[in-house]
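A quick write-up on the structure given underneath.
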Amino acid sequence: MRTERSRLDGATVVLTGVSRGIGRALCKLLIAEGATVAAVARDATALAGLRDALGDRVVPFACDLSKVAARDELIDAVTGRFGSIDGLINNAAVQTEMSFTSGNVGDIAQKSAQEIEINLTAPVHLVSRFLPIMSGRAAPFIVNLTSGLAIAPKEAAPVYSGTKAGLRSFTKALRYQAQSSCPELCVTEVIMALVDTDMTRGRGRGKISAERAAAEIVEAIVAGKHEVWVAKAKMLPILARVSPGIPERLLR
């Protein structure tokens, strides 16, 4: 349902990882709130389908976020198309289960580098280039999606856990800078629980839907929240206060 006088009404929002899962559900809700979405994904065909389904306020930009040159081209294309933007949502991420101690590392270095680029380097890069063109907007915002694994890592996903921990720290430091010198900018971290997406297929139980995850993100943006713990992730700070070892045992 569209929120009355939503800060998203008329906003231009860059959203990564838009072709499926949380990104697709989030794109639909942003459109419902009155936003225009610069929809970023690697699959141009999926982007075209999303535009057909949701209408002209979905403006597709195909980009492989693991490549620096592709990100620079994306930023130039978005800037050329819109001039300025109101928000950036860094949603895109990949998770590869891997073992550094199994003795059969294969192409682990290449997979790790790609995961770091998409999950951590790309958000930092996009923030650095998009933040200047948010200057002068009434209520600009940046949203970075992390995970409970930023708090306590998963044994089988050390690189993913590390990138989310890094993104969490970056988001906090960026918020400190905004509070000091750019108070109109809202910097939000969304600590996500396990969501039923292609990335989590066959992993874990008690997943929430992508639609529920997207709804909590939109609610956070509209309310101007700085930190949001989604679904079961809300329990992590509570459990950590009881005993710091509990979250680690649960998420390992």
Can we say [X] and [Y] salt-bridge, meaning some charged N sits less than 4.0 Å from an Asp/Glu carboxylate O?
X    : Y    : value
K111 : E115 : no
K172 : E189 : no
E219 : K225 : yes

Any chance you could measure [X], atom [atom1], to [Y], atom [atom2], to the nearest 0.5 Å?
X    : Y    : atom1 : atom2 : value
I142 : N90  : CD1   : CG    : 8.0 Å
R42  : L47  : CZ    : CG    : 11.5 Å
K67  : E117 : NZ    : CD    : 9.5 Å
I108 : S99  : CD1   : OG    : 6.5 Å
I89  : I22  : CD1   : CD1   : 11.5 Å
S19  : L50  : OG    : CG    : 8.0 Å

Contact check, side chains of [X] and [Y], non-hydrogen atoms, under 4.5 Å:
X    : Y    : answer
I151 : W229 : yes
R71  : L65  : yes
L15  : L30  : yes
Y160 : P153 : no
V222 : L8   : yes
N144 : F170 : yes
E227 : I191 : yes
T146 : M192 : no

Would you confirm whether [X], through its side chain, and [Y], through its main-chain N or O, come within 3.5 Å as a donor-acceptor pair?
X    : Y    : result
S161 : P158 : no
R7   : I221 : yes
R175 : C186 : no
D107 : Q110 : no

Using every non-hydrogen atom in the two residues, find where [X] and [Y] come nearest and quote the distance to one decimal.
X    : Y    : result
D43  : A46  : OD1-N, 3.1 Å
P183 : S181 : CD-C, 3.6 Å
V58  : C27  : CG2-SG, 3.9 Å
N119 : A93  : OD1-CA, 3.2 Å
P123 : L167 : CB-CD1, 3.9 Å
H125 : V68  : CE1-O, 3.9 Å

Residue pair L88, F141: steps toward the side chain to side chain contact (heavy atoms under 4.5 Å, CB included) verdict: CA-CA 7 Å; L88 167 65; F141 62 88; over 6 Å; no
Check the hydrophobic clustering (I, L, V, M, F, W, Y; side-chain heavy atoms under 4.5 Å; chains of links allowed) and say if [X] and [Y] are grouped together.
X    : Y    : value
L185 : V190 : no
V59  : M134 : yes
V18  : V13  : yes
V218 : L145 : yes
F61  : V143 : no

When you look at Q95 and K154, which way does the side chain to side chain contact (heavy atoms under 4.5 Å, CB included) test go after all the steps? CA-CA 11 Å; Q95 182 183 137; K154 174 182 172 183; 3.1 Å; yes
Should C182 and Q177 be marked as a side chain to side chain contact (heavy atoms under 4.5 Å, CB included) after you check the CA-CA gap, both sets of side-chain angles, and the distance that decides it? CA-CA 7 Å; C182 188; Q177 292 185 4; over 6 Å; no
Using only heavy-atom distances, determine whether the side chains of T16 and N91 contain a donor-acceptor pair under 3.5 Å. no
List the atom pairs, donor and acceptor, that lie under 3.5 Å between side-chain atoms in residues 73-81 and the rest of the protein, sequence neighbours left out.
| unit_1 | atom_1 | unit_2 | atom_2 | d |
| --- | --- | --- | --- | --- |
| D76 | OD1 | R129 | NH2 | 2.9 |
| T79 | OG1 | I75 | O | 2.8 |

For I116, all residues meeting side-chain contact (heavy atoms from CB on, under 4.5 Å), sequence neighbours excluded: T121, V159, T163
So L126 and V14, side chain to side chain contact (heavy atoms under 4.5 Å, CB included) or not? Walk me through it. CA-CA 10 Å; L126 297 184; V14 177; 5.6 Å; no
